[in-house]
Amino acid sequence: MLRGLDIRDMLIIDRLELELQPGLNVLTGETGAGKSILLDSLGFVLGWRGRMDLVRAGATQGEVTACFDLAEGHPVREVLREAGLPESDELILRRVTTAEGRKTAWINDRRSSGDVLRRVSEHLVELHGQHDDRGLLNPRGHRALLDEFAGTAAHLVDVRAAWRDLRAAEATLAAAQARIEALRGEEEFLRHAVKELDELSPEPGEDAELDARRRMMQGAERVREDIVRAHAAISLDGAEGLISDAIRWLDGAADSADGRLDAPAEALARALDALGEADHGIAACLDALSFDPHALEQAEERLFAIRGLARKHGILPDGLSDLAEDLRGRLSALDTGTSDIATLQAAVSEARDRHLALCDALSGERKLAGARLDAVMSDELAPLKMERAVFTTQLTSMAPGPDGQDDVTFTVATNPGAPSGPLNKIASGGELSRFLLALKVCLMGEAVGVTMIFDEIDRGVGGATADAVGRRLQSLSREAQVLVVTHSPQVAARGGHHWRVEKYVSGDVTRSTVTALQAADRVDELARMLAGDTVTDEARAAARALLNY
């Protein structure tokens, strides 16, 4: 509920505070007194598009503050939470504009973007009138209005969930098809690369192992020749043979040497034993260094093949086995892709059938609801002196989507046999106002918790018709706060709270002010509305009669 409006330096208003009440609030006053300025100011603080030159002449900036009461569960609370703005039972909107047109907005004393401000205002205020393109006159919102009237919220949830499932299945299929197409483009490369890798079959760590073996064999080839020569030097043909000969010669001479050759002979014997051990060790080393002459060539060929393949694919040699596994997987995906695509296509088809079935059921609910809305609209239009007019809820097929497969438009024909068309194209000013009022009464369920503003919705009507308008506005105000700008005394008399907008001149400056009217003042204001400039006793009596309806 809109509790208060504080306007400073806007157009011809220097300072105005308006405290609104629950129920039906009426604003009256002579043409040009400033009633539209109040609505312009309210639209400004709500972030609506409007006139640009709002700052009062001579002021540097204009400012509007609006205070709302928020009930528990009000949809604005969710918008505030999503925007990271403070939430409470009181909502304060403040917006400032400079004379140059720079605008700044606050929500509960926090800076806010215009987008967030408009999202908040969508759940706070509805403006209905001949120039309203945001509410009932906007065909883009007619489907949502019909759904609210029909009570299809739960069904819509199912349709939207089915639509999300369908879109997800289509996205999965498209991604799979794109992968298959990409793989087909590299099929020749994949088959050749996998064959090449499979033929070589490199193992992790094999590069290091081959390199170590290669280095060992290359080193062995260099040192083996020296070891062979050393072995020959200590063999029977070398040192061992010479020492054996020396021992034999010394043994022959020992008897004549009186024991002097015993020690040398023993030393040579020990040397011969040591040479035997050396010979055995060298022989074992030569055995260890022995290898197939082709082994080095084979090791080098495989090592170079592994490294060449790694360079070809731009990876390290140890990554070849993982690459082979990856390429095999891609090739397998290509080979099995046709069956996978068929499975995904079946999933898309199933999701589409489910979505279409839910859309068909929703269309049926909407058609029934449209017929009910047409009937209740007919009942509402009769008291408004439009019993010959025909209101039709028109459903046309459209491409299935998250909200079903129906485009909804509210159309009217003002007389039987006349062509029907959109509300704002067919109905005249007065007729349009009554159509909007009747439609709002029928769709009341979707407006709970919203402040409804009717801007001269009674224009062009009077007498019993104006009274019927007033009754319906009064009926709406029992469920929601209603603010009416009116020139009709029959409508104004129905108000629970009444304000008069007046314009006055102080010096050379024109100002506008708003005054809350008490019982006696209301009589005078209604009498003025009935009689004009000269208020008679008869007009006052008629005003009292209206107030005592």
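Put simply, the side chain of Leu530 reaches to within 4.5 Å of the side chain of Leu546, judged on heavy atoms. For the pair Val159/Asp403, no side-chain contact is recorded, criterion being any heavy-atom separation below 4.5 Å from C-beta on. Contact annotation: the side chain of Val441 approaches that of Leu476 to within less than 4.5 Å [non-hydrogen atoms, C-beta and beyond]. Within the 4.5 Å cutoff, no side-chain heavy atoms of Thr392 are placed close to those of Met377. Using a 4.5 Å heavy-atom threshold, the side chains of Val125 and Leu2 count as separate. With contacts defined as side-chain heavy-atom distances shorter than 4.5 Å, the pair Arg472/Glu380 qualifies. Ile37 is listed as a side-chain neighbour of Ile12, based on a closest heavy-atom distance under 4.5 Å. No side-chain heavy atom of Thr393 sits under 4.5 Å from any side-chain heavy atom of His142.
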All N/O donor-acceptor pairs, side-chain side in residues 353-361, below 3.5 Å, sequence neighbours left out:
residue : atom : partner : partner atom : Å
His355  : NE2  : Gly401  : O            : 2.9
Asp360  : OD1  : Gln405  : NE2          : 2.6

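Shown here are the side chain to side chain donor-acceptor pair (under 3.5 Å) partners of Ser488, two or more places apart in sequence or in another chain: Gln490. Residues satisfying the side chain to side chain contact (heavy atoms under 4.5 Å, CB included) test with Ala347, not counting sequence neighbours, are none. Residues passing the side chain to side chain donor-acceptor pair (under 3.5 Å) test with Asp524 are Arg540, sequence neighbours excluded. For Thr513, there are no side chain to side chain donor-acceptor pair (under 3.5 Å) partners at least two apart in sequence or on another chain. In this structure Glu170 satisfies the salt bridge (charged side-chain N to carboxylate O under 4.0 Å, His left out) test together with Arg167, Arg352, sequence neighbours excluded.
For the atom pair CD1 (Ile107) and CZ (Arg110), the distance works out to 11.0 Å, reported to the nearest 0.5 Å. One distance of note links CZ of Phe44 with CG of Leu39; it measures 15.0 Å at 0.5 Å rounding. Considering SG of Cys442 and CG of Leu145, their distance stands at 11.5 Å, rounded to 0.5 Å. For the atom pair CG of Asp53 and CE of Met10, the computed distance is 10.0 Å after rounding to the nearest 0.5 Å.
Annotation for Lys367: atom NZ does not count as buried by contact number, only 12 or fewer foreign heavy atoms lying within 6.0 Å. The environment of Arg388 atom CZ is sparse: at most 12 non-hydrogen atoms of other residues, nucleotides or ligands sit within 6.0 angstrom. Remark: Glu350 CD is loosely packed, at most 12 non-hydrogen atoms of other residues, nucleotides or ligands lying under 6.0 Å away.
For the pair Asp14 and Arg8, the salt-bridge criterion is not met [side-chain N within less than 4.0 Å of a carboxylate O]. Under a 4.0 Å N-O distance rule, the pair Arg143/Asp147 does not qualify as a salt bridge.
Nearest approach of Ala169 to Val348, heavy atoms of both residues: O-CG2, 3.4 Å. Contact record, Ser121 with Trp48: OG-NE1, 3.4 Å, taken as the closest heavy-atom pair. Smallest separation of non-hydrogen atoms from Val120 and Val76: O-CG2, 3.6 Å. Closest of all the heavy-atom pairs between Ser363 and Leu395 is O-CD2, 4.3 Å. Nearest heavy atom pair, residue Leu85 against residue Val116, reads CD1-CG1, 3.9 Å. Among all heavy-atom pairs drawn from Ile92 and Glu90, the shortest one is CD1-OE1, 3.6 Å.
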Under the salt bridge (Lys or Arg N to Asp or Glu O under 4.0 Å) criterion, do Asp521 and Arg500 qualify, and how do the steps go? CA-CA 9 Å; Asp521 297 324; Arg500 180 174 62 231; 5.6 Å; no
Verify side chain to side chain contact (heavy atoms under 4.5 Å, CB included) between Glu72 and Arg77, making sure each step is shown before the conclusion. CA-CA 8 Å; Glu72 284 295 329; Arg77 293 179 181 268; 3.9 Å; yes
Between Arg94 and Asp6, is the salt bridge (Lys or Arg N to Asp or Glu O under 4.0 Å) condition met? List the steps. CA-CA 9 Å; Arg94 184 166 69 93; Asp6 188 318; over 6 Å; no
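The aromatic rings of Phe435 and Phe391 lie tilted to each other, with the angle between the two planes from 30° to 60°.
In the model, Thr451 has a side-chain atom that pairs as donor or acceptor with a side-chain atom of Gln481 under 3.5 Å.
The side-chain contact (heavy atoms from CB on, under 4.5 Å) test with Thr515 is passed by exactly one of Glu502, Glu525, His498: Glu502.
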